Structure formats: C-alpha cells, structure tokens
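Read through the structure below, which is laid out as structure tokens, and then see the notes.
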Amino acid sequence: MDTKPSSEKGTDFCSLRYALALIMHFSNFTMITQRVSLSIAIIAMVNSTQQQDPANASTEWSLTDPLYHPNRSNEEFKMRASVYQWSPETQGIIFSSISYGIILTLIPSGYLAGIVGAKQMIGAGLLVSSLLTLFTPVAADFGVILVIVIRTVQGMAQGMAWTGQFTIWAKWAPPLERSKLTSIAGSGAAFGSFIILCVGGLISQALGWPFIFYIFGSIGCICCLLWYMMIYDDPMHHPCISAKEKEHIVSSLAQQPSSPRRSVPIKAMVRCLPLWAIFTGFFSHFWLCTIIITYLPTYINTVLHVNIRDSGVLSSLPFVAAASCTILGGQLADLLLSRNFLSLIGVRKLFSSLGLLLPSLCAVALPFVASSYVTTIILLILIPGTSNLCDSGFIINTLDVAPRYASFLMGISRGFGLIAGIVSSTTTGFLISQDSESGWRNVFFLSAAVNMFGLLFYLTFGQAKIQDWATERILTHL
C-alpha cells in the first residue's frame with residue numbers, strides 16, 4: 001500500500017529551498033549557455049568568409065581582410081575576427097567531445113559527491129567549466145586538437161555539476177515538492193538555450209564571436225561565487241534557514257522508509273526489461289534533441305540562408321516551445337493521474353508516445369518543406385517542444401520502477417542519452433559533409449527511425465510498478 005507523505009503546511013515559495021531551486025536554475029542556465037555557445041559561434045568561426053565573400057573561401061585568416069578591403073564595415077570585421085578551416089566532420093567531433101567528458105564523470109561523480117560533498121563538487125564543476133569557456137577563443141587559435149581537449153574537460157566538469165544535483169535534492173526536497181523544485185531548477189537549461197541562441201548572434205555581430213565565450217564564461221564565474229555563498233549540502237547546516245522550514249524538510253524526509261547502503265543489484269538491473277525500455281527511450285530522445293540543440297543554427301544558416309544574427313534568434317524559438325511543453329505536459333500528466341483518467345503506466349506511455357512520435361513526424365516532413373521558410377520554422381519549433389513531453393513519460397520512469405536507485409539509474413539513463421548525442425553529432429557531421437541537401441534528409445530520416453525503435457521498445461516492455469529487486473521504498477508520484 002502506498003504511503004502518502006505529510007502535506008503539512010510548508011510549501012512557502014519564499015523559503016530557502018525555493019531560493020536553492022532558483023540558484024540551481026541559474027547554474028543550469030550557465031552550464032547550458034556555455035555548452036551551446038560554440039553552436040552559434042561556429043557559424044562565424046567557420047563559415048563567415050564563405051558566406052560573405054565566396055571569392056575568398058580559401059583564405060585562412062580573415063584578420064587580414066580589412067587590409068585588402070578597406071571599405072568593409074567595422075562590424076563585419078568584428079564578426080569575422082578569426083575563421084578556421086574546420087570541415088563538417090571536424091565540427092561534429094568538436095560538438096560531441098563535451099558529451100565524452102560528461103560520460104567519463106557520470107559514475108565517479110556520484111562517489112565523489114559522497115566524499116567531498118555535493119556543494120564542493122558542483123561548485124568546482126561550475127568554476128572549471130566557466131574558466132574553460134573563457135579560454136576557448138585562445139584555444140581555437142592554437143588548433144582544433146586543443147579545442148577538443150578543452151571541450152572534453154569542460155564536459156567532465158559539467159558532468160560533475162549535473163550529477164551532484166541529485167544528491168542536493170535528496171536532502172533538500174520534501175517528497176510532495178520534488179516535482180516543483182526540480183522543474184524550477186531544470187527549466188534553467190531550456191531558458192539558457194533560449195537566451196544563448198537568441199543573443200549569441202547579436203553578440204557575435206556587434207562585438208565579435210569571442211565575446212560569446214567571454215560573456216557567458218564571466219556569468220558562470222559570478223554564478224559560482226553565488227553558489228559557494230548560498231548553498232549548503234543539507235538544511236541542518238545552513239545558517240540562514242528558519243527553524244520551521246528545517247523541521248518541515250527533516251520531518252517530511254523522515255517519513256520516507258530508508259535502508260542502509262547496500263550493493264547495487266547490477267545483475268537484476270541488467271536482466272530488467274523495463275529498465276532497458278527506459279534506457280532505449282533516453283537514447284532515442286537524446287539522439288534527435290542533440291542534433292537540434294547542436295546543429296539548429298547551422299541548419300537555419302545553410303538551408304534557409306539566414307545570417308548569423310537572425311539565425312540565432314530563430315534558433316532560440318524552439319526552446320520557448322520546449323519550456324512551455326515541459327510545464328504544460330507535467331500539469332496535464334498530474335491531472336490525468338489525479339482524476340484517475342489513466343493509470344500510471346498509461347500516462348507514462350502516452351507522453352512517451354507523444355514525445356517520440358510527434359517530433360519524428362516533424363523531422364521526416366522537414367526535407368519536403370525546405371522551400372517554405374515559414375513551414376520549416378514551425379516544424380523546427382515543434383520538434384523540441386513536442387520532444388519534451390517525454391519528461392512526463394520515460395524520463396521520470398525510474399522513480400516508478402526503482403525509487404531506491406533513482407539517482408543511480410538516472411545517471412545511467414543520461415549516459416545512454418549522451419552516447420546517443422555523441423553518435424548523432426558525429427554522424428550528422430559526416431552525412432552533411434557528403435552532400436548538404438541529401439545529408440540533412442538522411443539525418444532527419446535516421447533520427448525518426450531511431451525514435452520509432454525507442455518508442456516501440458518502450459511500449460512493449462515499459463512498466464510503472466516497483467520491481468522486486470527495488471522494494472522497501474514507497475512509490476513517488478511526480
């Protein structure tokens with residue numbers, strides 16, 4: 001029988017735990033802007049010479065261009081400060097390198113958080129990521145190898161920060177507020193994607209592409225300072241928390257049955273098909289999402305022939321839809337559950353189906369409407385928007401099937417998603433290097449096929465009941 005946690009009055013939005021959620025929102029905002037900065041800057045770093053002066057496509061360094069073309073504007077010179085001869089394949093490797101770094105720290109960071117504390121680990125990750133962002137323009141001048149190394153180490157730093165958040169919420173979030181608190185914190189990623197894509201092109205055109213890295217790297221350093229000043233690993237040691245709020249958090253968490261640390265039942269997990277259904281869903285979901293967040297500015301720039309400023313603004317619009325669908329999807333899922341319109345597994349499979357099928361249909365349609373500017377933009381907006389409906393599907397399904405090991409399994413699930421991101425980024429770079437038109441068509445068709453495989457596997461094997469090897473913990477409904 002499920003036990004409902006206490007609903008004691010204590011969900012005050014002015015409380016310290018909601019301030020923590022806002023700071024973590026800012027941290028996620030910072031990390032995603034630093035990750036996506038290269039996606040918008042690379043248009044100017046690689047393509048600006050070819051786009052604005054085809055006759056000089058073979059020029060290695062556009063820094064000398066104003067000496068030979070004195071009538072060109074200062075703004076144009078700023079945007080074209082340095083241009084590198086990076087092929088699409090090379091760009092794909094650069095884009096995916098940050099995912100390699102994140103994968104390397106998924107498991108070690110969990111143990112590290114237990115040793116040094118989540119506050120120190122997340123703060124260190126933010127600081128390292130921010131400093132490397134500031135160093136990226138200099139690294140680009142030294143060569144592509146250093147850029148790949150910088151991005152990989154940056155991924156390791158961000159992987160530490162992403163994973164450590166689960167440890168923080170395990171001690172700060174009352175069960176009935178987990179959905180609200182984590183959604184506030186997690187929405188920083190969608191908001192950050194919107195901001196960087198919206199203003200990145202404007203910054204590049206006004207100041208030069210290096211300032212994209214300088215500005216968001218500096219914001220990250222400020223965020224890191226705020227993090228160390230305001231955040232503590234648990235409410236018991238925070239000097240500013242009220243006695244009422246501390247009691248509310250501690251008492252609500254005390255109602256959750258706990259058991260001493262035991263070895264993780266790896267063999268049982270490996271044999272569990274419902275878990276593999278979740279992992280497959282993550283792989284499929286991240287495949288297309290990574291392509292959109294990484295290559296969207298390039299696609300708009302090369303296929304729709306939009307300049308870097310407008311490309312960034314247009315690329316930001318899908319993430320408004322993504323943030324909206326995440327919030328609306330969560331509210332609708334809770335409504336369906338609370339009114340008993342659908343069972344828990346019915347809700348999970350419904351939103352998983354919508355989140356994998358709808359973006360696949362949009363992706364397949366894109367190559368056929370490339371001549372229509374408006375239709376293309378609408379479909380590009382719908383892809384990430386509808387994809388985020390998965391947040392109420394398999395994304396949180398680990399809390400249903402194995403709440404005792406939710407953090408561990410979420411890390412593994414993200415690992416599958418990151419592997420998908422690495423493969424899809426590299427594959428996309430290879431395909432579009434062969435032929436742009438047919439390459440993009442193959443990219444979207446392949447993405448739809450991956451999504452359909454993940455959907456069918458999840459519909460066949462997905463479950464929402466606690467597995468036998470994961471008992472002794474109550475079911476948490478989000």
Side-chain angles (χ1 to χ4, degrees), residues 36 39-40 43 88 92 95 189-191 193-198 200-201 281 284-329 332 350-393 420-421 424-425 427-429 431-432 435-455:
V36 181
S39 296
I40 189 69
I43 298 174
F95 286 140
F191 182 60
S193 299
F194 166 74
I195 292 297
I196 181 61
L197 292 171
C198 186
S284 302
H285 174 68
F286 272 77
W287 181 287
L288 181 55
C289 286
T290 302
I291 292 174
I292 293 299
I293 197 172
T294 303
Y295 282 97
L296 185 56
T298 300
Y299 181 80
I300 291 177
N301 181 258
T302 57
V303 176
L304 299 182
H305 308 292
V306 176
N307 62 46
I308 185 173
R309 180 192 63 194
D310 295 338
S311 175
V313 173
L314 290 174
S315 298
S316 69
L317 296 179
F319 296 96
V320 178
S324 301
C325 284
T326 299
I327 297 172
L328 294 176
L332 179 58
L350 170 63
F351 282 89
S352 297
S353 299
L354 294 175
L356 290 174
L357 178 60
L358 295 180
S360 298
L361 295 176
C362 294
V364 169
L366 269 174
F368 301 102
V369 299
S371 59
S372 173
Y373 179 89
V374 175
T375 305
T376 298
I377 294 299
I378 291 175
L379 291 177
L380 289 174
I381 290 174
L382 289 175
I383 288 176
T386 53
S387 290
N388 273 30
L389 293 174
C390 290
D391 285 5
S392 298
S424 65
S425 293
T427 302
T428 299
L431 290 175
I432 63 177
D435 177 79
S436 181
E437 183 177 351
S438 63
W440 283 114
R441 182 175 63 248
N442 292 335
V443 165
F444 292 128
F445 284 1
L446 178 60
S447 299
V450 171
N451 268 13
M452 288 301 95
F453 172 77
L455 175 58

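Because the structure is predicted, anything quoted here is derived from the model rather than measured.
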Rounded to the nearest 0.5 Å, how far does [atom2] of [Y] lie from [atom1] of [X]?
X      : Y      : atom1 : atom2 : answer
Leu357 : Cys362 : CG    : SG    : 9.5 Å
Leu288 : Thr386 : CG    : OG1   : 8.5 Å
Ile383 : Asn388 : CD1   : CG    : 12.5 Å
Leu350 : Leu332 : CG    : CG    : 7.5 Å
Ile381 : Thr376 : CD1   : OG1   : 11.0 Å
Leu379 : Phe444 : CG    : CZ    : 9.5 Å

Full working for side-chain contact (heavy atoms from CB on, under 4.5 Å) between Tyr295 and Val443: CA-CA 11 Å; Tyr295 282 97; Val443 165; over 6 Å; no
Heavy atoms, side chains only, cut-off 4.5 Å: are [X] and [Y] in contact?
X      : Y      : result
Tyr299 : Leu380 : yes
Thr428 : Phe95  : no
His285 : Asn451 : no

Applying side chain to side chain contact (heavy atoms under 4.5 Å, CB included), can you list everything that pairs with [X], at least two apart in sequence or on another chain?
X      : value
Pro384 : Ile292, Pro318, Ala322
Ile378 : Val374, Leu382
Ser424 : Trp287, Thr290, Ile291

State, to 0.1 Å, how close Cys390 and Ser352 come at their nearest heavy-atom pair, and which atoms those are. SG-O, 4.1 Å
Quick one: closest heavy-atom pair of Phe445 and Val364, and the distance? CE1-O, 3.7 Å
